[in-house]
Amino acid sequence: MFPIFVFYLLKDREKVRDSFIDSFPTDWQIHVVYVLRILNRVAGAYVRAQVSLAACVWIAISVGLYFLGVEYAVLLGAVAGIFEFIPIIGAWLGAIPAVVVVLSTSPDKIILVLLLYVGVQFIQGAILVPRIQSLALRVHPLMILVGIVIGSEIGGLWGVILGPPILASAKEILVYFSHPEKYHSANPY
């Protein structure tokens with residue numbers, strides 16, 4: 001059912017958008033347009049940030065495994081990068097194929113490979129995530145971490161995923177409603 005829903009949503013995006021906007025009173029419609037624009041920008045920025053983080057992990061793991069002399073370094077780095085899209089457990093799931101390959105080809109390197117994965121995940125989680133997401137979402141890195149913590153308490157795994165973009169959206173909407181005249185100089189459509 002979901003693919004059919006997405007197909008029609010993408011196919012008739014403009015009609016759905018216009019009918020949604022038309023469902024509001026006329027004097028609210030301009031605000032709805034700007035809020036939708038803000039949400040669209042924040043969602044796009046968040047997705048780009050996640051792709052950038054996955055690419056950083058892919059490159060770091062690939063280069064690290066290559067210098068350690070592990071076979072299939074680029075492929076194992078790609079797997080780690082793809083699993084980076086899964087919050088919390090993705091990093092560990094991405095390490096499983098590397099552990100299997102290293103144990104079957106050169107078990108003497110397993111400690112170094114594990115240290116590489118732990119080091120990359122530490123740097124990624126403590127430095128890259130707050131920095132990249134804060135630049136993309138235009139929010140201070142500390143607020144990104146606060147959004148992740150509060151989101152995890154409220155919504156668990158979904159809260160971790162959606163906490164930063166919801167925080168950034170709320171900030172942008174508050175800025176819009178505190179200074180709407182700055183936004184109304186441009187054509188909303």
Side-chain angles (χ1 to χ4, degrees), residues 6 31 34-68 70 73-99 102 110-180 182-183 186:
V6 170
H31 298 298
Y34 283 109
V35 167
L36 288 175
R37 211 188 251 177
I38 289 168
L39 295 176
N40 186 35
R41 188 198 61 77
V42 169
Y46 183 69
V47 169
R48 285 189 297 278
Q50 292 303 105
V51 170
S52 298
L53 289 168
C56 288
V57 169
W58 179 354
I59 292 168
I61 295 293
S62 295
V63 169
L65 291 176
Y66 176 79
F67 283 121
L68 290 175
V70 174
V74 175
L75 179 62
L76 293 171
V79 169
I82 290 169
F83 274 107
E84 199 57 41
F85 288 108
I86 303 171
I88 301 171
I89 61 168
W92 307 113
L93 292 175
I96 292 172
V99 169
V102 169
I110 190 67
I111 299 297
L112 294 174
V113 169
L114 290 174
L115 287 174
L116 171 69
Y117 273 83
V118 168
V120 167
Q121 288 311 310
F122 175 75
I123 292 169
Q124 184 260 358
I127 299 169
L128 291 179
V129 168
R131 286 282 177 203
I132 290 175
Q133 286 185 357
S134 72
L135 289 173
L137 299 177
R138 300 180 195 166
V139 177
H140 192 275
L142 182 62
M143 293 307 295
I144 294 293
L145 293 173
V146 168
I148 290 171
V149 170
I150 292 173
S152 70
E153 289 298 317
I154 293 172
L157 180 60
W158 286 107
V160 170
I161 297 169
L162 298 175
I166 289 173
L167 178 76
S169 298
K171 182 203 108 185
E172 292 287 329
I173 290 170
L174 284 172
V175 167
Y176 167 73
F177 280 111
S178 64
H179 304 292
K182 288 190 331 188
Y183 289 85

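Sequence positions, counted from 1, serve as the residue numbers for this chain.
When side chains are defined from C-beta on, Tyr176 counts as touching Ile38, because their heavy atoms get closer than 4.5 Å. In this structure, Ile173 and Leu39 have side chains that are in contact, with non-hydrogen atoms separated by less than 4.5 Å. With contacts defined as side-chain heavy-atom distances shorter than 4.5 Å, the pair Trp58/Ile82 does not qualify. In this structure, the side chains of Val51 and Phe85 come closer than 4.5 Å at one or more pairs of heavy atoms.
Between Ala80 and Ile61, the closest heavy-atom pair is CB-CG1, 4.1 Å. Residues Tyr46 and Val160 come closest through the heavy atom pair OH-O, 4.5 Å. Taking each heavy atom of Cys56 and Leu128 in turn, the nearest pair found is CB-CD1, 4.1 Å. The minimum heavy-atom distance linking Ile148 with Pro164 is given by the pair CG1-CG, 3.7 Å. Scanning both residues, Ala136 and Ala49, for their nearest heavy atoms gives CB-CB, 3.8 Å. The two atoms that bring Val113 and Ala98 nearest to each other are CG1-CB, 4.3 Å, heavy atoms only.
For the side-chain hydrogen bond (donor to acceptor under 3.5 Å, both in side chains) condition, the pairs that include at least one residue of residues 131-153, sequence neighbours left out, are Gln50-Gln133. Applying the side-chain hydrogen bond (donor to acceptor under 3.5 Å, both in side chains) test to pairs two or more places apart or on separate chains, none has a residue in residues 158-171.
With rounding to the nearest 0.5 angstrom, the CD1 atom of Ile161 is 11.0 Å from the CD1 atom of Ile166. Here the CD1-CG distance, from Ile132 to Leu137, works out to 11.5 Å after rounding to the nearest 0.5 Å. Here the CD1-CG distance, from Ile154 to Leu162, works out to 11.5 Å after rounding to the nearest 0.5 Å. Annotation: the span from Leu75 atom CG to Leu65 atom CG amounts to 10.5 Å, rounded to 0.5 Å.
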(message) Apply side-chain contact (heavy atoms from CB on, under 4.5 Å) to residues Val99 and Ile110 and explain how you reach the verdict.
(response) CA-CA 7 Å; Val99 169; Ile110 190 67; 3.9 Å; yes
Contacts table for residues 115-125: side-chain donor-acceptor under 3.5 angstrom, sequence neighbours left out:
from   : atom 1 : to    : atom 2 : distance (Å)
Gln121 : NE2    : Glu84 : OE1    : 3.4
Gln124 : NE2    : Glu84 : OE2    : 2.7

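Using a 30° and 60° split on the angle between ring planes, His31 and Phe177 fall in the tilted class, from 30° to 60°.
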